[in-house]
Amino acid sequence: MACNRFYNMGNRITLYREKVNTPLTNELFPKPQRIETFPGSFQIPAPLPFNIKEKSFEIIKEHLFKKGYSQDQAAEENAILIRKEKLPKEEAYRLQIKTNQIILSADKPVGIFRGLQTLDQLVKNSKNGNRLPCLVIEDFPLLERRGFMLDVSRCKVPTMSSIFSLIDLLAQLHVNEFQLYIEHTYAFREHKTIWENSSPLTPQEIQQIDHYCSERFIELVPNLNSFGHFERWLCHDDYKHLAECPDGFRREEPYMLRDHGSTLKPNQASLDFIDSLYAEYLPNFSSKKFNVGMDEPWELGQGWSKNQVREKGKDKVYLAHLEGIRKLVESHGKEMQFWADVLLENPENAKLLPPSASPIIWGYEPNHPFPEQAHIISSCDLSYCIAPGTGTWRSFSGRWPNTRANIDAAITNAKKFRAEGILLTSWGDCGNHQPWAILYPPLLYGGAQMWNNQHITEGELTQAMDQKLFQGEIETPSSILQELGKLDEIIGSKIPNSSLCWSILFDPQPEKITGLIKEKHTLNQFKDGLSLLSSIRDSAAIKSPHKSVQLVRDEISLGVAFSTIALQKGIQSLEGKKWAPLHSTDPIFTTYQKLWQMRARSGGLSESLRLLVNSTTNT
């Protein structure tokens, strides 16, 4: 196959301190910080009893019951002894497996919970007559804050089942923070016009999610954009009076032409309106933190605030409004997090922030200036984190090599410049057309790296996906998910924040993409891409009796199909030929709807589908 030269599995590098390297310990994911194995083994009884020696740890016994263990407070041998031990970090744990007992110790219940995830992996993966190797594991997190944020506003609101499954996966990865990015997909009582076609999250559902997270020692941090990205509100007549540019705006970079606003006026009326939303939204969360967004106020200074911005500067107008938001947040008993892009347009402004403001530095390319930005924020003694991305939005395939390097850079600089941690972000820009499954490689990789930052080969990541997504089934699509994510690398695309295939179909300035293709790409590159897609299509076509495996195969096949359509259109451009678009009745659109509803609610589907149909059926 023409693209084989791109496949490099690499060599395994381990940071374990081991006497014996056993296959069972190699399968642990995330890798513990330290493992020492010894001769001998522990025979797993059925059922495996546990004995909790510390009263404050009783809160985790329900997790033990769900895993099939039984409680026996008299058991000392052939059992799990759960006890308190002073360890240097709150989430640290020590797991000892002896020939006659298992001892799991920690200082806090969260440490016991983290250790249970590791023990559960060992028990599930034991292949030697239900025996576990004798060992000592000492484990603790590299970073205090290890978060994941999912965009649930750009068309796709996941079902509760999908959200709960995702939270279970986050728990297995030792992630301790979860955010659901919301613009309009919350059922505000007085604003039905805004959300009625979006299948929003209800107050009761948010409370259920909060409780589900809390049981798994994950903090559900509220996230509600509070300034920019307000177009879902400001397109309606009843809200246009709040807009910076009520009749729309135009900008060149990034190119936008809107007939309605996307940013609120930076004034007291907007603060009062936002405060009314906070009063209804925030009581659903137990977290004391709150991400207010505040990123990308695209048209700030073009309309209502034009004179203010001319006199004071955009940065000072923004900072004054940010201060008003901070005071609102604190009046509701929360601590403010916000995206730092506008702040960092003039880095000196970081010195003006109060200690209670917590910036989030975001960037989604490997060469993002994390070192410079993190140094500035850190030097102001602010609590902050760094947000890389999954690289899955504006894509049908993901951008896996780019994403991997982006995550690595973020974690390296978070550690170097004393950030609290990482918030891995997964967006859904412009219709959320990405197959759900392409999220998995960056999520598992990022989750593990946030915990320990140890080298992970593609083979190890494949093995982890097999175990955590497909319960160890054979012939899984784990490896082809990673191969699909290499498409942009193979065709030589380096478009920031987007895959070339997506841009070929959706870019609002198609003439620029056509020019880029002719300038930067060759026919052979696109043919290499088609060769890769053909190989993946064949692999994904293998039917599986297991629903979880088959669903991911179907999602991969859909991503391959749309990527193929885009590359064929690109080839036509290179050859100077006219592209033959799809017909609106093409069965691929029925498949798109079917797979959407396997993971997400129906609200937003019609909009996403309309965008997709328009991009693939028009010349």
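Only this structure's heavy atoms are used, side chains among them; waters, hydrogens and symmetry mates stay out. Just so it is clear, the structure is predicted and the values come from calculations on it, not from any experiment.
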Please table the atom pairs, donor to acceptor, closer than 3.5 Å between any side-chain atom in residues 412-419 and protein atoms at least two apart or in another chain.
| from | atom 1 | to | atom 2 | distance (Å) |
| --- | --- | --- | --- | --- |
| T412 | OG1 | D408 | O | 2.9 |
| N413 | ND2 | A409 | O | 2.8 |
| R418 | NH2 | S378 | OG | 3.1 |

Worksheet item: Would T403 and Y364 count as having a side-chain donor-acceptor pair, cut-off 3.5 Å?
Response: no

Discussion item. My understanding is that only residues two or more places apart in sequence, or in another chain, count here; which of them pass side chain to side chain donor-acceptor pair (under 3.5 Å) with H375?
Written reply: none

Worksheet entry | Sequence-distant partners of W502, side chain to side chain donor-acceptor pair (under 3.5 Å), two or more places apart | none

Worksheet, complete the sentence: Applying side chain to side chain donor-acceptor pair (under 3.5 Å) to S563 and not counting sequence neighbours gives none

Item to complete: Please identify each residue that fulfils side chain to side chain donor-acceptor pair (under 3.5 Å) with S331, with sequence neighbours left out.
Response: none

Discussion item. Holding to salt bridge (charged side-chain N to carboxylate O under 4.0 Å, His left out), I want the full list of residues that pass it with K334, two or more places apart in sequence or in another chain.
Written reply: none

Discussion item. Between S499 and S395, do the side chains contain a donor N or O and an acceptor N or O under 3.5 Å apart?
Written reply: yes

Worksheet entry | Side-chain donor-acceptor pair present, E296, H229, cut-off under 3.5 Å | yes

Item to complete: First locate atom CE of M450, then atom CG of L173, and finally report the distance between them rounded to the nearest 0.5 Å.
Response: 8.0 Å

Worksheet item: Does a donor on one side chain sit under 3.5 Å from an acceptor on the other, for S153 and T185?
Response: yes

Worksheet item: Side chains of Q33 and N452: do they bring a donor and an acceptor to under 3.5 Å?
Response: no

